[in-house]
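The next block holds one structure in the form of structure tokens; read it before the comments.
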Amino acid sequence: MDRKYIAVMDQEEDGYGVVFPDFPGCVTTGKDMNDALRRAREALELHLQAMEKDGDEIPEESDLEKVSEWFAECEGKAHLAWVGVNLPVSKAVRINITIPENLLRQVDKKLAGRKNRRSAFFANAAKRSLSVINEHSGQ
């Protein structure tokens, strides 16, 4: 799973309602907790696909403190769950970059024998760097 988002499951008379604090408008229901979780994963995957298609930025996962107000509104009848999803795969774009030759040799040496080694390495390095930048900037 690429990410895990918090789902708030509110017990109702005829089952459970599910909302995602990180995704306003992404809601579903289920007849019991297992059904609600299964449907929650499906709803979130569809929501993420629509966001990707529209070019919307997909948010990072929230922590439990951020959803505490949602939980309080449910008057003790709610349950919190982590819903794991695979993020939609964006179209790959070819780029041309310039880096020092000795640095590229070091990368190639470490990744020798791996398929798509350079592209995957630089994509993962960019993701890690963005994550660090987001942590330090409070995003």
Side-chain angles (χ1 to χ4, degrees):
M1 295 292 151
D2 289 323
R3 297 227 179 123
K4 291 182 181 179
Y5 290 99
I6 297 171
V8 178
M9 298 192 310
D10 187 15
Q11 189 170 4
E12 300 170 351
E13 266 186 44
D14 57 346
Y16 289 85
V18 183
V19 296
F20 289 91
D22 292 320
F23 301 95
C26 182
V27 298
T28 191
T29 61
K31 62 183 179 211
D32 57 39
M33 288 180 78
N34 289 326
D35 186 44
L37 271 177
R38 182 184 58 76
R39 290 175 180 228
R41 180 171 289 109
E42 291 171 358
L44 184 55
E45 286 174 347
L46 289 171
H47 193 85
L48 288 168
Q49 288 171 8
M51 289 179 73
E52 178 71 20
K53 182 179 177 185
D54 293 343
D56 296 335
E57 185 176 342
I58 296 174
E60 295 293 323
E61 305 101 323
S62 288
D63 58 24
L64 289 173
E65 287 184 28
K66 183 176 178 181
V67 299
S68 62
E69 59 192 59
W70 281 81
F71 190 74
E73 289 177 15
C74 296
E75 301 172 356
K77 299 178 187 174
H79 302 276
L80 298 178
W82 294 100
V83 176
V85 292
N86 293 315
L87 297 178
V89 178
S90 296
K91 176 183 159 191
V93 177
R94 180 178 288 276
I95 63 169
N96 184 16
I97 63 171
T98 303
I99 64 170
E101 185 177 11
N102 64 340
L103 181 58
L104 184 58
R105 276 197 305 266
Q106 289 176 40
V107 169
D108 286 344
K109 183 177 177 183
K110 290 289 182 188
L111 301 175
R114 296 184 187 183
K115 188 175 181 180
N116 298 327
R117 57 184 187 226
R118 281 184 182 168
S119 294
F121 175 83
F122 288 114
N124 288 328
K127 286 179 191 175
R128 284 192 303 274
S129 294
L130 287 171
S131 177
V132 169
I133 291 168
N134 286 339
E135 284 177 23
H136 292 307
S137 67
Q139 294 181 356

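All values below were derived from every heavy atom in this structure, side-chain atoms included, with hydrogens, water molecules and symmetry-related copies excluded.
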Starting at [atom1] of [X], measure out to [atom2] of [Y] and round the result to the nearest 0.5 Å.
{"X": "R3", "Y": "L44", "atom1": "CZ", "atom2": "CG", "result": "11.0 Å"}
{"X": "D22", "Y": "H47", "atom1": "CG", "atom2": "NE2", "result": "10.0 Å"}
{"X": "Y5", "Y": "E60", "atom1": "OH", "atom2": "CD", "result": "6.5 Å"}
{"X": "S119", "Y": "R94", "atom1": "OG", "atom2": "CZ", "result": "7.5 Å"}
{"X": "S62", "Y": "F23", "atom1": "OG", "atom2": "CZ", "result": "8.5 Å"}

Cluster link [X] to [Y], ILVMFWY, side chain under 4.5 Å:
{"X": "L111", "Y": "I97", "result": "yes"}
{"X": "W82", "Y": "L80", "result": "yes"}
{"X": "I95", "Y": "V107", "result": "yes"}
{"X": "L46", "Y": "F20", "result": "no"}

Apply the test side-chain contact (heavy atoms from CB on, under 4.5 Å) to residues E45 and R41: give CA-CA distance (whole Å), side-chain angles for both, the deciding distance (0.1 Å), then the verdict. CA-CA 6 Å; E45 286 174 347; R41 180 171 289 109; 3.7 Å; yes
Taking every non-hydrogen atom, the tightest pair across Q11 and H79: OE1-NE2, 4.4 Å
Contact summary for A43 and T28, nearest pair of heavy atoms: CB-CB, 4.1 Å
All side-chain contact (heavy atoms from CB on, under 4.5 Å) counterparts of L37, not counting sequence neighbours: M9, A81, V83
Taken in chain and number order and not counting sequence neighbours, the residues that satisfy salt bridge (Lys or Arg N to Asp or Glu O under 4.0 Å) with D35 are R38, R39
With sequence neighbours left out, write down each residue that passes salt bridge (Lys or Arg N to Asp or Glu O under 4.0 Å) with R105, or none if nothing qualifies. E101
I'd like to know if the side chain of D32 and the backbone of N34 have a donor-acceptor N/O pair within less than 3.5 Å. yes
Once side-chain hydrogen bond (donor to acceptor under 3.5 Å, both in side chains) is applied, do any residues pair with Y16, and if so which ones, sequence neighbours excluded? none
Do V19 and C26 touch side chain to side chain, with heavy atoms closer than 4.5 Å? no
Can you check whether L48 reaches L87 side chain to side chain, under 4.5 Å on heavy atoms? yes
Using 4.0 Å as the upper bound for N to carboxylate O, is an ion pair formed by R118 and D108? yes
